[in-house]
Amino acid sequence: MSKIVKGLYYTNTHEWVKVEDGFAYIGITDYAQESLGEIVFVELPEEETTIEAGEEFSAIESVKAASDVISPLTGTIVVVNDDLEDSPELINEDPYENWIVKLDFEDETELNDLLSAEEYEDICE
C-alpha cells in the first residue's frame with residue numbers, strides 16, 4: 001500500500017500539493033513513484049515560469065517509463081528543487097519531502113477541484 005499523507009491535496013494524475021505560507025509545494029505521490037520504479041531523471045522547469053492548472057510543467061524518467069507532471073494549480077514557479085537535478089532518486093526515497101516546485105498560486109478556489117487524502121486513496125485501490 002502506498003503512503004498517502006493526510007492534509008495534502010491530490011490529483012487523479014498522482015501529483016500532491018502542500019499549501020504553506022501562501023505557497024503551494026508540488027510533487028508526485030508515493031503511488032506514482034512506486035509505479036514508475038527507479039527514477040533516473042527529473043526535467044525541471046525554469047523559475048519565474050507561469051503555468052496553468054492542467055498544464056505539463058515537468059517530466060520524470062525512470063528505468064521503466066517516462067511521465068509528465070501536470071500542474072494542479074495556476075501560478076508562477078518561484079523555486080525549483082535543484083537537488084533533484086543531481087539526485088532524482090530522492091523522489092523514490094521520500095516523495096512527500098522532495099517536492100518539485102514551489103508555486104505562487106493565483107486562485108485559492110482551484111484547491112476545491114483537488115482530492116482529499118481519503119478521495120485519493122479510493123483512486124489508488
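Sequential numbering from 1 along the given sequence is applied to the chain's residues.
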Close side-chain approach of [X] to [Y], heavy-atom, < 4.5 Å:
{"X": "Ile28", "Y": "Ile39", "result": "yes"}
{"X": "Lys64", "Y": "Leu36", "result": "no"}
{"X": "Pro45", "Y": "Val101", "result": "yes"}

Pick out which of [options] makes a side chain to side chain contact (heavy atoms under 4.5 Å, CB included) with [X].
{"X": "Ile51", "options": "Leu73, Ile70, Ile77", "answer": "Ile77"}
{"X": "Pro72", "options": "Leu103, Thr11, Asp113, Leu111", "answer": "Thr11"}
{"X": "Ile26", "options": "Asn81, Ile100, Val17", "answer": "Val17"}

Would you say [atom1] of [X] has more than 12 non-hydrogen atoms from neighbouring residues, nucleotides or ligands within 6.0 angstrom?
{"X": "Glu38", "atom1": "CD", "value": "no"}
{"X": "Glu97", "atom1": "CD", "value": "no"}
{"X": "Glu108", "atom1": "CD", "value": "no"}

Just verifying a value: how many Å separate [X] [atom1] and [Y] [atom2], rounded to the nearest 0.5 Å?
{"X": "Asp122", "Y": "Asn12", "atom1": "CG", "atom2": "CG", "answer": "13.0 Å"}
{"X": "Glu15", "Y": "Leu8", "atom1": "CD", "atom2": "CG", "answer": "13.0 Å"}
{"X": "Leu44", "Y": "Glu85", "atom1": "CG", "atom2": "CD", "answer": "6.0 Å"}
{"X": "His14", "Y": "Ser35", "atom1": "NE2", "atom2": "OG", "answer": "6.5 Å"}
{"X": "Glu89", "Y": "Ser62", "atom1": "CD", "atom2": "OG", "answer": "13.5 Å"}
{"X": "Glu93", "Y": "Gln33", "atom1": "CD", "atom2": "CD", "answer": "10.0 Å"}

Check whether the side chains of Tyr10 and Thr29 place a donor and an acceptor atom closer than 3.5 Å, and report yes or no.
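Side-chain D/A pair, Tyr10 to Thr29: absent.
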Are the side chain of [X] and the backbone of [Y] linked by a donor-acceptor contact shorter than 3.5 Å?
{"X": "Glu61", "Y": "Val40", "value": "no"}
{"X": "Glu110", "Y": "Thr74", "value": "yes"}
{"X": "Asp68", "Y": "Glu56", "value": "no"}
{"X": "Ser58", "Y": "Glu43", "value": "yes"}
{"X": "Asn92", "Y": "Gly37", "value": "yes"}

Side-chain heavy atoms nearer than 4.5 Å, only ILVMFWY residues, links allowed to pass through others: does that put [X] and [Y] together?
{"X": "Val78", "Y": "Trp99", "answer": "yes"}
{"X": "Ile60", "Y": "Val80", "answer": "yes"}
{"X": "Leu114", "Y": "Phe23", "answer": "no"}
{"X": "Ile4", "Y": "Val19", "answer": "no"}
{"X": "Tyr31", "Y": "Ile123", "answer": "yes"}

For residues Thr50 and Glu55, report the shortest heavy-atom separation together with the two atoms involved.
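For Thr50 versus Glu55, the nearest heavy atoms are O-OE2, 4.0 Å.
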Residues Glu118, Lys6: salt bridge by 4.0 Å N-O rule
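Salt bridge between Glu118 and Lys6, a charged N being under 4.0 Å from a carboxylate O: yes.
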For the residue pair Trp16 and Tyr96, categorise the inter-ring angle as parallel (less than 30°), tilted (30 to 60°) or perpendicular (more than 60°).
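Tilted, since the angle between the ring planes falls between 30° and 60°.
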